[in-house]
> 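The structure follows.
Order of appearance sets the numbers: ligands from 1, and atoms from 1 within every ligand.
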Amino acid sequence: MKLCMIGTGYVGLVSGVCFSDLGNDVICVDKDEEKIKKLKKGILPIYEPGLEELVLKNYKNKRLNFSTDLQNSIKKSDIIFICVGTPTKKNANSADLSQIYSVGKEISKSINKFKIIITKSTVPVMTGDELEKIISKKVKKNRFSVVSNPEFLREGEAIRDFIYPDRVVIGSNDKKSNLILKNLYTPLISKGAKYVSTNRRAAELIKYASNAFLATKITFINEIANLCEKTGIDIEDISIGIGLDKRIGGRFLRAGPAYGGSCFPKDTRAIVSTAKKFKIDLSVVQSVIKSNNKRSKLLLNRVNHILNNKIKNKKICFLGVTFKANTDDMRDSSSLEMIPYLDKKGAKIKYYDPTGYKKEFDKLKNVLCSNSINDAVKGSDLVIVHTEWNDFKSINFKKFSSSKQFKIYDMRNIFSPNKIKSLGFEYFGIGR
Ligand code: NAD
């Protein structure tokens with residue numbers, strides 16, 4: 001099939017290249033000329049394990065292409081996936097849908113034959129209705145169909161998640177499009193993905209309800225971790241003890257810093273805002289947002305306590321600054337609250353991230369990027385493990401034990417406290 005992905009970011013690029021690898025002809029379009037120019041040279045705009053090889057392979061065999069020409073790419077394709085951003089509106093909590101609607105207007109100018117237009121971006125319930133209205137101003141309704149096909153991939157595991165999803169959700173109000181899309185997804189369904197066929201509004205809400213639930217699970221275990229810290233219990237025992245109950249499930253039960261990233265913070269805000277529009281009070285999700293917003297402050301209080309209330313001039317090392325491991329995504333990472341706070345308090349901060357230097361800390365005078373774990377850790381008073389990259393799990397602390405001793409605040413509980421303590425380091429974890 002001939003597919004066009006509009007928006008070549010984390011979702012558009014990953015799903016575009018995976019669709020091409022499944023044998024479809026795919027054009028990935030973006031308005032960012034620099035991004036497209038680089039992609040054509042084989043330079044990727046994001047870090048995602050395994051992505052580069054797949055892009056190079058499918059670009060070489062010409063099943064994958066890149067373009068800035070939206071009109072022409074739409075004309076050449078049967079199925080159009082909208083994968084543009086849906087960030088939070090400025091000074092509000094609802095989703096900013098301006099990129100979606102502006103793409104809708106562009107699509108309406110280029111419909112030369114029947115097209116299936118899909119929102120793969122996360123969009124609030126009834127966005128598809130509005131998109132249909134926009135397009136039908138210029139195009140007869142029997143020439144196009146608007147479908148919702150939310151994406152559930154996780155950054156860092158995106159390719160695996162795309163190829164082996166738990167489910168494929170198609171929200172379509174017409175049978176013809178549903179059949180075409182079931183056909184498109186057959187290679188994934190035959191590998192075990194469940195196919196969920198529903199109406200468009202339900203598919204839109206499934207995505208928000210999923211993210212709100214996962215954010216709730218993380219926040220729940222983070223709050224239980226707070227209780228563990230006061231009662232001498234290890235949160236890891238609790239996660240195992242409750243996660244083995246199949247009704248609960250063990251995933252997303254790892255205590256850590258505030259959840260961040262490009263999805264949970266904005267999507268929890270947006271679902272509450274949508275519900276308000278319909279005079280529905282999502283009090284559970286509201287509490288989750290409130291609790292998560294307070295979490296970085298809580299962890300910073302612990303840093304203060306670990307450093308005996310003396311942050312000024314203390315050398316603090318951050319291992320990992322992205323919102324989680326295996327991604328370069330800084331959006332809503334808790335480090336964006338923690339590092340500026342510590343900088344303002346006069347700490348001298350060095351950070352090391354496997355995905356390199358981050359421009360977000362450029363303006364902070366006490367913050368330096370290190371190009372190795374060794375350089376970042378050496379001479380520190382406190383080492384904060386902010387993300388759980390494998391590179392950090394295998395640090396040999398023994399080699400630092402003869403030089404200056406530092407304290408370790410393991411915000412992902414990746415180390416065994418006893419092992420670290422036996423090397424002479426003071427160890428602090430989350431909920432333990
Ligand atoms: P992104 O910011 O990485 O990519 C969006 C891309 O769209 C950008 O490259 C931008 O230049 C491009 N764009 C914007 N307007 C355009 C236009 N008019 N024409 C062509 N290109 C245009 O965003 P993302 O992280 O890929 O997220 C996209 C959507 O998918 C969001 O709604 C997000 O909530 C959802 N989502 C994201 C993830 C994730 O892990 N990142 C997972 C599931 C769903």
> Tell me whether the rings of Tyr185 and Phe162 are parallel (<30°), tilted (30 to 60°) or perpendicular (>60°).
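It falls in the tilted class, 30° to 60°.
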> Could you list which atoms of ligand 1 come closer than 4.0 Å to a heavy atom of Val84?
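Contacts of ligand 1 toward Val84, numbered from 1: 7 (O), 13 (N), 14 (C), 15 (N), 16 (C), 22 (C), 28 (C), 29 (C), 31 (C), 32 (O).
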> Report the member of Leu97, Thr119, Thr68, Asp30 with the shortest heavy-atom distance to atom 6 (C) of ligand 1.
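Residue with the shortest heavy-atom distance to the ligand atom: Asp30.
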> Quick check: Asp32 and ligand 1, any N/O pair under 3.5 Å apart?
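Min N/O separation from ligand 1 is not below 3.5 Å for Asp32.
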> Does the distance from a Lys or Arg side-chain N to an Asp or Glu carboxylate O, for Arg200 and Glu132, drop under 4.0 Å?
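Here Arg200 pairs with Glu132 in a salt bridge, since their nearest N and O are under 4.0 Å apart.
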> In ligand 1, which numbered atoms sit nearer than 4.0 Å to a non-hydrogen atom of Gln99?
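In order of numbering, the contacting atoms are 14 (C), 15 (N).
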> Note the single closest protein heavy atom to atom 35 (C) of ligand 1, along with its residue, its atom name and the distance in Å.
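Ranked first by proximity to atom 35 (C) of ligand 1 is Thr122 OG1, 3.5 Å.
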> How about CZ on Phe213, more than 12 heavy atoms from neighbouring residues, nucleotides or ligands closer than 6.0 Å, or not?
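Counting other residues, nucleotides and ligands, CZ of Phe213 stays at 12 neighbours or fewer.
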> Any nitrogen or oxygen of Val11, main chain or side chain, under 3.5 Å from a nitrogen or oxygen of ligand 1?
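Min N/O separation from ligand 1 is below 3.5 Å for Val11.
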> Does Asp329 reach ligand 1 with a nitrogen or oxygen that is under 3.5 Å from one of the ligand's nitrogen or oxygen atoms?
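Asp329 vs ligand 1: no N/O contact under 3.5 Å.
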> Salt bridge or not between Arg63 and Asp25? Use side-chain N to carboxylate O under 4.0 Å.
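The answer is no: the pair does not qualify as a salt bridge.
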> Any heavy atom of Arg154 sitting closer than 4.0 Å to ligand 1?
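Arg154: no contact with ligand 1 (<4.0 Å).
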> Please determine whether a side-chain nitrogen of the Lys or Arg among Asp129 and Arg201 lies less than 4.0 Å from a carboxylate oxygen of the Asp or Glu.
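Looking at Asp129 and Arg201, the cut-off is met.
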> Do Lys191 and Tyr164 meet the cation-pi criteria used here (NZ or CZ under 6.0 Å from the six-membered ring centre, within 45° of the axis)?
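Positive - Lys191 is close enough to the ring of Tyr164 and near enough to its axis.
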> Which atoms of ligand 1 are found less than 4.0 Å from any heavy atom of Val103?
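Per the distance check, 17 (C), 18 (N).
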> Taking only heavy atoms of Cys83 into account, list the atoms of ligand 1 that are under 4.0 Å away from them.
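So the answer, numbered in order with elements, is 5 (C), 28 (C).
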> I need the atoms of ligand 1 closer than 4.0 Å to a non-hydrogen atom of Glu155, numbered in the order shown.
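Per the distance check, 39 (C), 40 (O), 41 (N).
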> Just by distance, do the side chain of Ser333 and the backbone of Ser335 share a donor-acceptor pair under 3.5 Å?
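Yes; at least one donor-acceptor contact below 3.5 Å.
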> Taking Asp343 first and then Lys365, would you say they form a salt bridge - that is, a charged N and a carboxylate O separated by under 4.0 Å?
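So Asp343 does not pair with Lys365 through a salt bridge.
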> So, is the end of the Arg302 side chain (NZ or CZ) under 6.0 Å from the ring centre of Phe428 and within 45° of the ring's axis?
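No, a cation-pi geometry is absent between Arg302 and Phe428.
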> Give me the residue, atom name and distance of the protein heavy atom closest to atom 43 (C) of ligand 1.
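The answer is Glu151 O, 3.2 Å.
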> Of all the non-hydrogen atoms in the protein, which one sits nearest to atom 4 (O) of ligand 1, and at what distance?
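Answer for atom 4 (O) of ligand 1: Gly9 CA, 3.3 Å.
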> For the residue pair Tyr352 and Phe392, does the interplanar ring angle fall in the parallel (under 30°), tilted (30 to 60°) or perpendicular (over 60°) class?
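Plane angle over 60°, so perpendicular.
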> Any N or O on Thr86 sitting closer than 3.5 Å to an N or O of ligand 1?
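So ligand 1 has an N or O lying under 3.5 Å from an N or O of Thr86.
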> Check each atom of ligand 1 against the heavy atoms of Ser262 and keep those under 4.0 Å away; list them by number with element.
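So the answer, numbered in order with elements, is 39 (C), 41 (N).
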> Side chain, backbone, both or neither: which applies to Lys35 and ligand 1 if a contact is any heavy-atom pair less than 4.0 Å apart?
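The answer is the side chain of Lys35.
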> Do me a favour and list the nearest non-hydrogen protein atom to atom 21 (N) of ligand 1 with residue, atom name and distance?
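The closest one turns out to be Lys31 N, 3.3 Å.
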> Would you call Asp78 and Lys113 a salt bridge, using N to O less than 4.0 angstrom?
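Lys113 and Asp78: salt-bridged.
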> Using distance alone, determine whether Ser102 and ligand 1 share an N or O pair under 3.5 Å.
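Checking ligand 1 against Ser102, no N or O pair falls under 3.5 Å apart.
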> Before signing off on this row, confirm whether Arg331 and ligand 1 have an N or O atom pair separated by under 3.5 Å.
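Yes.
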> State the atoms of ligand 1, each with its element, that fall below the 4.0 Å cut-off from a heavy-atom position in Gly7.
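Counting from 1, the qualifying ligand atoms are 6 (C), 7 (O), 12 (C), 21 (N).
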> Considering the heavy atoms of Ile6, write down every atom of ligand 1 situated less than 4.0 Å from one of them.
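Once the distances to Ile6 are compared, the set is 19 (N), 20 (C).
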> Does Glu106 have a non-hydrogen atom less than 4.0 Å from ligand 1?
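Checking ligand 1 against Glu106, which is what was asked, there is no heavy-atom contact under 4.0 Å.
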> Checking a contact table here: which protein heavy atom is nearest atom 42 (C) of ligand 1, and how many Å away?
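That would be Leu153 O, 3.4 Å.
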> Which label fits Phe397 and Phe415: parallel for a plane angle under 30°, tilted from 30 to 60°, or perpendicular past 60°?
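Perpendicular: the ring planes of Phe397 and Phe415 meet at over 60°.
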> Give a yes or no on whether a salt bridge exists between Arg432 and Asp234, defined as a side-chain N under 4.0 angstrom from a carboxylate O.
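Salt bridge flag = yes for Asp234 with Arg432.
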> Taking the side chain as every heavy atom from C-beta outward, state whether Phe264 and Ile289 have any pair of such atoms under 4.5 Å apart.
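Side-chain contact under 4.5 Å: no.
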> Purely on distance, is any nitrogen or oxygen of Lys266 under 3.5 Å from one on ligand 1?
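Yes - when backbone and side-chain N and O of Lys266 are compared with those of ligand 1, one distance drops under 3.5 Å.
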